[in-house]
Protein chains: 2
Amino acid sequence: MQKKTSPAPAKRAPRKRPLVTVTEEDRNRRADLVRVSARLFREKGFEGTTVRDIAGAVGMRSGSPFYHFKTKQDILAAVMEEGLVAGLNDTERIVGSDLPPREKFRALVRSHLETVLAEGHDFIPVLLYEWRSLSPDLQARIITLKDKYDARWQQVLADLKQAGLIKSDSKVVRLLMFGAVNYTAQWYKRGKGLSIDQLADQAVEFFLGEAAD
Amino acid sequence: MQKKTSPAPAKRAPRKRPLVTVTEEDRNRRADLVRVSARLFREKGFEGTTVRDIAGAVGMRSGSPFYHFKTKQDILAAVMEEGLVAGLNDTERIVGSDLPPREKFRALVRSHLETVLAEGHDFIPVLLYEWRSLSPDLQARIITLKDKYDARWQQVLADLKQAGLIKSDSKVVRLLMFGAVNYTAQWYKRGKGLSIDQLADQAVEFFLGEAAD
DNA sequence: CCTACCGATCGGTAGG
DNA sequence: CCTACCGATCGGTAGG
């Protein structure tokens, strides 16, 4: 009988249960859970995804995700938060650049489209479509980030207005644009038809008026 | 003491169990189930709504919806189908009218906004947000109607193009518009800010180019 | 992180 | 359409 997974006393302390310490490995496993949860929540919805689905997708047993997260809801919150933090980073980099207004806007649209359409980018779609499944107290934590994201867009719209490229930078216009871009998640198929880049061009052309040069 | 809902033996035969016959009352109860299901599916999602929720909302016991529908999925399909049939009626009435292109488009946007935003109009939002929860065979039945609806929009866009109000009637433009309008379901609050009518005006102005007169 | 488990709930059914 | 029920599954936990 060969010892297979025997906890032989080796040099690297094997798998000691941490009391308060969070190891590097813990963080990696947590990140794995967030990543696969994003994919599953997007594909099947929060309510349609079981903790067993999530555990299975990273090779854990059904109870183990609760070592990393207190509840299933906390996993959802983590998915949304990760998406927003990444999206906010991209957005601020673009807003802070010295591109001319139209190019800045195009970069923003393109960046957002990638956030919604590129492979493995399931965080923001989950935010958009599973918001209702998040309990109010967890929503509150996310809303702060969400507001920042919206404010960046509004800022770029104000620039566009000043440059005379749009007539209005109202909240309504921002929401209409946002809706148009977000809805691509429902119909865009990677590898078929337009590239994300081409789609960004078409969207910008549409938003800024097709007749305008 | 006035008789209120007492099932006194009147002329109309009371509550005989039908074998194959579907009575008028059956149809009413079925319609009740579809209506409350639309509301619940919109509020809590298909997976987040239980058959007991639905039954309770119309004063039935938990097993009784299955007298009217074979499965929970069939209720979802009925909700979507009812929404599409109603929406398609409105749309065809507008497309068939003799309004000038811009006014026809405005009527279409307004009609769709009402379909998405007006009180009790939960059918199309459910179609938009719970599509993934519908099994492929039931989806197939709905897609036919969905294609018709899309075709009507495309037709109006072609008219707009001919009238010189837009440059393109590409599928992409239609989907961007559709996304912008549909997303209003996520942020529009009845009784606060713009009326549905005003929102339709703003949207049309945005879609057709704000700079254009 | 696994094992073993629990109470609650769920969609659906038989029989009337 | 109700009563009574079932098998399956779910989120979560204790203890190691």
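Numbers restart at 1 for each chain; the letters A, B, ... are given by sequence-line order, proteins then strands.
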Listed nucleotide nearest any side-chain atom of A:Arg29, set D:dG12, C:dC1, D:dC1: C:dC1
Pairs satisfying salt bridge (charged side-chain N to carboxylate O under 4.0 Å, His left out), at least one member in residues 175-193 of chain B, at least two apart: none
Secondary-structure string, 5' to 3', Watson-Crick or G-U under 3.5 Å, | for another-strand partners, for DNA chain C: ||||||||||||||||
Per B:Phe66 side chain, nearest of listed nucleotides D:dG11, D:dC1, C:dG11: C:dG11
Salt bridge flag under 4.0 Å for residues B:Asp169 and B:Arg174: no
A:Gln73 CD to D:dC10 C1', straight-line distance once rounded to whole Å: 15 Å
Counterpart residues, ring-ring contact (aromatic ring centres under 6.0 Å, His included), relative to B:Phe178 (two or more places apart): B:His112, B:Trp153
A:Arg35/A:Asp32 salt bridge by N-O under 4.0 Å criterion: yes
Could you list, one pair per line, each protein nitrogen or oxygen that sits under 3.5 Å from a nitrogen or oxygen of nucleotides 2-4 of chain D, together with the distance?
unit_1 : atom_1 : unit_2  : atom_2 : d
D:dC2  : OP2    : B:Arg61 : N      : 3.0
D:dC2  : OP2    : B:Ser64 : OG     : 2.4
D:dT3  : OP2    : B:Arg61 : NH1    : 2.7

Check: A:Tyr183 ring centre within less than 6.0 Å of B:Tyr183 ring centre: no
Whole-Å distance separating the CZ atom of A:Phe69 from the C1' atom of D:dT13: 18 Å
Interface with DNA chain C, restricted to residues 35-54 of chain B and to heavy atoms under 4.0 Å: B:Thr49, B:Thr50, B:Val51, B:Arg52
Contacts of type salt bridge (Lys or Arg N to Asp or Glu O under 4.0 Å), residue B:Lys146, not counting sequence neighbours: none
B:Tyr129 versus B:Gln186, side-chain donor and acceptor atoms under 3.5 Å: yes
Identified side chain to side chain contact (heavy atoms under 4.5 Å, CB included) partner of B:Leu199 from the options B:Leu194, B:Val109, B:Val181, B:Val204: B:Leu194
Salt bridge A:Glu103-A:Arg106, side-chain N to carboxylate O under 4.0 Å: no
Between P of D:dA14 and NZ of A:Lys70, the distance in whole Å: 13 Å
Exercise: do B:Thr144 and B:Asp147 side chains pair donor with acceptor under 3.5 Å: no
Candidate pair A:Lys44 and A:Asp53, rule salt bridge (Lys or Arg N to Asp or Glu O under 4.0 Å), full reasoning: CA-CA 10 Å; A:Lys44 318 203 290 175; A:Asp53 292 334; 3.0 Å; yes
